[in-house]
Amino acid sequence: WYQRRVRGDAKKGILSLCERGLIPPAAELTLEPSPIKHKSAPLHVQSVNSVALEKIADARELEHTMVGVQLDISVHEQEMPLVPYPKSQLSSHVSAHGPRVITANVPTRGKSDASTFKMGNTPLSQIHSQITPHPPPVGPPQTPALGMSKSGKFTIQGGRTVCENSDFEDYRKDYAAHWSSILPCLQELELVLTQFAIPVAIVDGENLVRLALKYKMNIRPTVAELINCCTNHVSILTLMQTPGQIYKGPQGYDLAAAKIQATFRMYLDRSKYLIYRQSKQAAGVIAMNWIMVMKMTTIRSRLKTSRALYLMKYRERLKELKNNWPTMQQRKRVIIHIPSRGYSQGIRDSLVDYHNLQNSQMGRICDVNDPNVEVIYVSPIDLDNDMQQYYQKLLGMGVTSDGENVAETESKVKFIVPDHLDAFPGLNFCLSTILLYSAQTLKRLKRLIAGKDAYIVPGLMHRDDMELSEVLNVPVVAAEPDVVHLYSTKSGAKRIFANANVAVPPSEFDIYTEEQLFELLASLIAGNLGVTRWVFKIDSEFDGRGTAYCDITNFLNCHKWALKQAERYGSKWSKRWAQEPTTIKIYSELPEIIYNHLKIVNTTLFPSVDKFLVAFTKSGGVIEACPPSDDVTCITVDMFIAPTGEVEIKNTGDQIRATEFQTWALSSPQTSISLIVSTRTAYLWQMLVTREVLLDTSRLGTLPLSILLQTTRRCGLLI
């Protein structure tokens with residue numbers, strides 16, 4: 001049985017044994033006789049028609065690539081009329097375009113049958129005898145689009161290739177070897193032209209072949225490359241770029257519907273996104289503002305706590321200074337002069353030469369004439385060595401009564417300039433603030449006052465002065481900042497004068513609205529019909545900067561009528577009910593008079609009446625009568641109120657006026673009036689002491705509370 005089985009397997013052949021695994025793959029087999037037989041290749045006679053040889057060679061070359069295609073090279077007149085090439089053009093054409101294909105019925109769009117070539121076993125001599133020239137077949141009547149010259153170009157009309165044209169037939173025959181690569185590119189081009197409803201396109205066959213060979217490896221060409229294969233690509237691109245052209249094709253309705261839907265969906269999504277983005281941004285802004293508010297609240301709370309602590313420490317040091325003041329005047333001590341003017345930020349910004357204004361208090365260094373006093377002067381400007389030596393020599397000229405020499409006097413004065421003096425350009429920080437930010441200068445001050453009795457004499461008190469007192473651990477000889485700023489205003493001074501029963505001109509203060517301004521002014525005019533000029537002063541300003549005046553009675557139409565009313569009521573005119581009709585009538589005329597005839601002293605700071613009134617109502621102000629005299633004397637009184645309450649008049653002087661309401665200098669001592677100054681000011685000192693106001697106005701220009709006493713023969717003392 002086994003032998004019969006082996007003989008049966010052997011009869012099936014060596015291939016069957018290998019496939020069944022009976023013979024291992026590593027076995028070396030030799031087949032005898034060999035299945036491949038060698039035979040010499042036939043040589044053809046040169047006289048045979050070269051065109052026929054070319055057709056046979058091309059057909060055989062296509063046999064291995066055109067799977068499932070039946071080839072037949074037999075010549076039939078009814079199927080394939082041949083037009084032979086002239087012999088002079090044959091060699092050049094073959095070399096330039098490659099082998100020519102006899103026929104290839106390539107399936108067009110809508111057909112699925114394979115291309116067919118018919119090839120028989122006809123001998124070469126018979127093929128040569130059958131190749132005879134025939135006239136080209138007459139095609140259907142051609143339209144202008146179809147009438148193209150035979151130059152490798154063909155036409156695509158309405159998105160479909162015109163196959164009935166002889167140019168296309170010749171082109172298809174010429175490039176039959178590459179038709180499998182050309183056809184996909186041609187179909188892509190037809191699809192693009194169909195989508196954009198291009199009526200006519202003239203295709204350059206050679207460009208199409210190059211494109212097909214370039215993208216032979218299944219890579220789709222771009223639309224621009226396909227359009228460049230057309231000779232009229234400029235007009236095609238122009239038509240394609242026409243808005244809405246793509247919707248004119250066969251799928252135009254579908255594309256338009258898809259575009260509308262996509263655009264509407266985009267609009268809805270975009271609207272939702274914008275709302276979301278706006279909400280997100282708003283949430284971010286709210287969150288950031290809330291964080292900033294919380295941080296600012298925390299910082300304000302810390303500042304409030306620290307300032308309350310500084311104020312408490314300030315009061316403790318001032319109380320200690322009050323107890324030790326009598327003995328301190330007998331011992332060696334150091335006075336730290338900080339000529340700072342702690343005006344509000346708005347006033348400091350409006351000052352042009354703010355630091356030089358602070359340095360006008362250089363006269364403070366004269367305290368060195370006391371043998372027990374050393375002076376440290378903090379300068380708001382940079383003093384060079386020459387300037388310091390000048391002031392030291394100037395002090396040395398006045399030798400003290402106990403024979404103290406000049407060298408000792410000069411050594412007791414030290415000038416200190418903050419190291420961050422120029423670190424804040426344009427901000428107009430007061431000297432106390434700049435000194436507080438100058439760490440090296442503070443260390444130097446601590447070394448200079450170490451182990452010595454010392455205190456600070458400021459200018460116009462600022463909150464940073466209390467912090468400096470805490471940093472240097474020395475007391476400040478001045479009232480609290482809030483108290484100083486309250487009684488340094490025009491309205492604050494009016495309160496002190498009113499409580500001291502000092503004679504003042506008819507006036508009103510603490511005015512913060514225009515309506516209040518006109519009402520009080522009308523009441524003042526009705527009660528003082530003999531006063532011609534009324535002066536308006538802003539509370540926070542100084543040196544006539546916030547002053548304006550108006551001669552109201554010269555422009556008041558009802559003035560004569562008001563005088564008759566006052567004469568009519570006689571002694572009863574001082575009653576409110578008697579003045580009420582006149583007040584109402586004056587009130588109706590005041591706005592026009594004020595806006596048209598108010599004269600401002602400092603027109604650079606307040607160029608118009610509107611801006612002056614805005615500043616007046618914002619900071620508050622005073623209205624007072626101007627003395628009806630051309631001879632007005634203004635007196636400045638400098639005084640010192642010690643921590644123990646003792647009052648000392650340091651200096652009096654007559655003001656030298658630059659203008660009617662601006663002071664240029666002082667002439668000291670004053671000679672305009674006599675003992676009336678000391679008797680009248682005694683009441684003021686008592687009121688200031690009761691309000692815990694410490695003043696040291698003996699330094700020229702250092703006016704925490706500047707008191708101007710104006711006198712005339714009629715009105716007495718005026719502010």
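For the residue pair T532 and D551, no side-chain donor N or O sits within less than 3.5 Å of a side-chain acceptor on the partner.
F415 and Y377 have perpendicular rings, their planes meeting at more than 60° on a 0 to 90° scale where under 30° would count as parallel. Ring orientation note: the planes of F424 and F429 are tilted relative to one another, at an angle of 30° to 60°. Ring geometry for W573 versus Y569: interplanar angle of 30 to 60°, hence tilted. Between W325 and Y455, the ring planes are tilted. Angles from 30° to 60° get that label. Ring-plane geometry between F616 and F536 is classed as perpendicular, the angle between the planes exceeding 60 degrees on a 0 to 90 degree scale with a lower cut at 30.
Within a 6.0 Å radius of CH2 in W290, other residues, nucleotides and ligands contribute 12 heavy atoms or fewer. No more than 12 heavy-atom neighbours from other residues, nucleotides or ligands sit within 6.0 angstrom of CD on E320.
No cation-pi contact links R495 to F497, judged by a cut-off of 6.0 Å to the six-membered ring centre and 45° from its axis.
Between the CD1 atom of I593 and the SG atom of C550 there is a distance of 7.0 Å, given to the nearest 0.5 Å.
Here E624 pairs with K494 in a salt bridge; the nearest charged N to carboxylate O distance falls below 4.0 Å. Ionic pairing of E480 and R463 is not present here: no N-O contact between side-chain nitrogen and carboxylate oxygen is shorter than 4.0 angstrom.
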